[in-house]
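Predicted, not measured: the structure shown is a model, and the values here were computed from it. Below, chain A is the first sequence line, B the second, and so on; all start at residue 1.
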2 protein chains.
Amino acid sequence: MEEPIRNLLKEGTFDVNGSLWLESGGKRFFGPGPVELLERIAETGSIKQAAKAMGMSYKKAWDLINNLNSMGVRPFVVTSTGGEKGGGSSISEEARQMIAYHRQLRERFRQFLEQESSHLK
Amino acid sequence: MEEPIRNLLKEGTFDVNGSLWLESGGKRFFGPGPVELLERIAETGSIKQAAKAMGMSYKKAWDLINNLNSMGVRPFVVTSTGGEKGGGSSISEEARQMIAYHRQLRERFRQFLEQESSHLK
DNA sequence: CATCGTTATATATTGAAAAACATAGCGCTA
DNA sequence: TAGCGCTATGTTTTTCAATATATAACGATG
């Protein structure tokens, strides 16, 4: 017995949408923001440039990474200071696995949302 | 081929969590907040008391309701001013259907999250 | 017709999160 | 040993949403 929810709403397009993240002890540490940041660090080799590319302050990026690293057995972002380029950062194999996992998770969520949205079409 | 994501993370409990809402044109108008508000209005017969019970300001409650009503073919909350009790509010049959729909949606989402969380146990 | 509790609405205040800014340290290079 | 660009960290400023506050209108009632 399906409820015709759609009939209660005005003409127009409606969707079920949402957001998803990983948390520990109620504290979220892994979602779309950190994922994109990891990807950009991989691209640019620098937290500073990755943050800039996302329009995020360096401090926020650093805090995100620091927090993320604190949840892993091994760090997801490895940094170095000094040197010819002044230092830089790269992501670990573990980070790549997290990104891959998140991609799959997000895809499953997308399907869930699409399925739910189809109920209101 | 399952990724053993769990092994990348420290000892402790981890969960996939998220939130869900209905939106139209990118604007969200129906989620956990409005649902609870509707339920409390049904209980108390008053927006003011419902908001208070949720620790929400009257203005926010009113804005939420006003916005919600604007999405419906018929209003979800019907209000009256003046009279012996000074006025009051009640929810429509349509609102009850929205609540029922949301309950089911939330349950399906809960199962999705539980299933996803089980991957990290 | 004054009182009551509520809806309806506008404006002021507050508080928390983000951004912006500042500064020190690092290690290679010239 | 000075300079470069980045990491690391603390402090100040800004922004923006939520709350608080204020006021009018409403309609039954005594």
Side-chain angles (χ1 to χ4, degrees), chain A residues 19 21 23 26-72 74-92 95, chain B residues 19 21 23 26-72 74-92 95:
Chain A
S19 72
W21 60 84
E23 65 179 38
K27 186 170 164 50
R28 28 179 125 170
F29 66 96
F30 194 69
V35 170
E36 183 177 350
L37 193 56
L38 289 178
E39 290 171 335
R40 302 259 189 194
I41 291 170
E43 281 166 32
T44 63
S46 147
I47 295 174
K48 190 185 178 73
Q49 288 178 56
K52 183 174 206 175
M54 291 178 67
M56 177 187 289
S57 69
Y58 175 83
K59 187 174 178 24
K60 183 174 180 189
W62 192 89
D63 286 347
L64 237 43
I65 290 166
N66 198 40
N67 183 244
L68 184 55
N69 275 348
S70 78
M71 306 305 292
R74 300 188 52 217
F76 298 104
V77 176
V78 10
T79 66
S80 72
T81 70
E84 53 181 350
K85 293 259 168 58
S89 302
S90 60
I91 71 172
S92 64
Chain B
S19 71
W21 60 84
E23 66 179 37
K27 186 170 165 47
R28 29 179 122 170
F29 66 96
F30 193 69
V35 169
E36 184 178 350
L37 193 57
L38 289 177
E39 290 171 336
R40 302 259 189 195
I41 290 169
E43 281 166 32
T44 61
S46 148
I47 294 175
K48 191 185 177 76
Q49 288 177 56
K52 182 173 207 175
M54 290 178 69
M56 177 187 290
S57 67
Y58 174 84
K59 183 173 177 29
K60 184 174 179 187
W62 193 88
D63 286 347
L64 237 43
I65 290 167
N66 199 40
N67 184 243
L68 185 55
N69 275 348
S70 78
M71 307 305 293
R74 300 188 51 216
F76 298 105
V77 176
V78 10
T79 66
S80 72
T81 70
E84 53 180 349
K85 292 261 166 58
S89 303
S90 60
I91 71 173
S92 64

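- Taking CZ of B/Arg40 as the reference point, atom CG of B/Leu38 lies at 12.0 Å (rounded to 0.5 Å).
- The shortest side-chain heavy-atom distance between A/Thr44 and A/Lys52 does not fall under the 4.5 Å cut-off.
- Of the listed residues (B/Leu68, B/Asn66, B/Ile65), just one forms a side-chain contact (heavy atoms from CB on, under 4.5 Å) with B/Val77, and that residue is B/Ile65.
- The side chain of A/Ser89 contributes an N or O atom lying less than 4.0 Å from OP1 or OP2 of D/dT7.
- Residue pairs meeting the salt bridge (charged side-chain N to carboxylate O under 4.0 Å, His left out) criterion with at least one partner in residues 54-72 of chain A, sequence neighbours excluded, are A/Lys59-A/Asp63.
- For the atom pair CE of A/Met54 and CD1 of A/Ile41, the computed distance is 9.5 Å after rounding to the nearest 0.5 Å.
- Rounded to the nearest 0.5 angstrom, A/Tyr58 OH and A/Ser46 OG are separated by 8.0 Å.
- Contact check for A/Ser70 versus A/Asn67: side-chain heavy atoms found under the 4.5 Å cut-off.
- Considering only the side chain of A/Thr79, D/dT7 comes nearest among D/dC26, D/dT7, D/dT29.
- Listed in residue order, the members of residues 28-50 of chain B having a heavy atom less than 4.0 Å from DNA chain D come to none.
- Under the ring-ring contact (aromatic ring centres under 6.0 Å, His included) criterion, B/Phe30 pairs with B/His102, not counting sequence neighbours.
- Less than 4.0 Å separates DNA chain D from at least one heavy atom of each of the following residues of residues 61-72 of chain A: A/Trp62.
- Chain B approaches DNA chain C within less than 4.0 angstrom (heavy atoms of the protein), and the contacting nucleotides run 5' to 3' from C/dG5 to C/dT11.
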Shorter than 3.5 Å, N or O on both sides, protein versus nucleotides 10-21 of chain D: list them out with atom names.
| residue | atom | partner | partner atom | Å |
| --- | --- | --- | --- | --- |
| D/dT19 | OP2 | B/Ser57 | OG | 3.4 |

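- Nearest heavy atoms, A/Ala51 versus A/Ala61: CB-CB, 3.7 Å.
- Side chain of A/Thr81 to main chain of A/Gly87: no donor-acceptor pair is present (N/O by atom type, distance under 3.5 Å, no hydrogens or angles).
- Residue A/Met56 holds its CE atom at 7.5 Å from CD of A/Glu36, rounded to the nearest 0.5 Å.
- In this entry the distance linking NZ of A/Lys85 with P of D/dT7 reads 13 Å, nearest Å.
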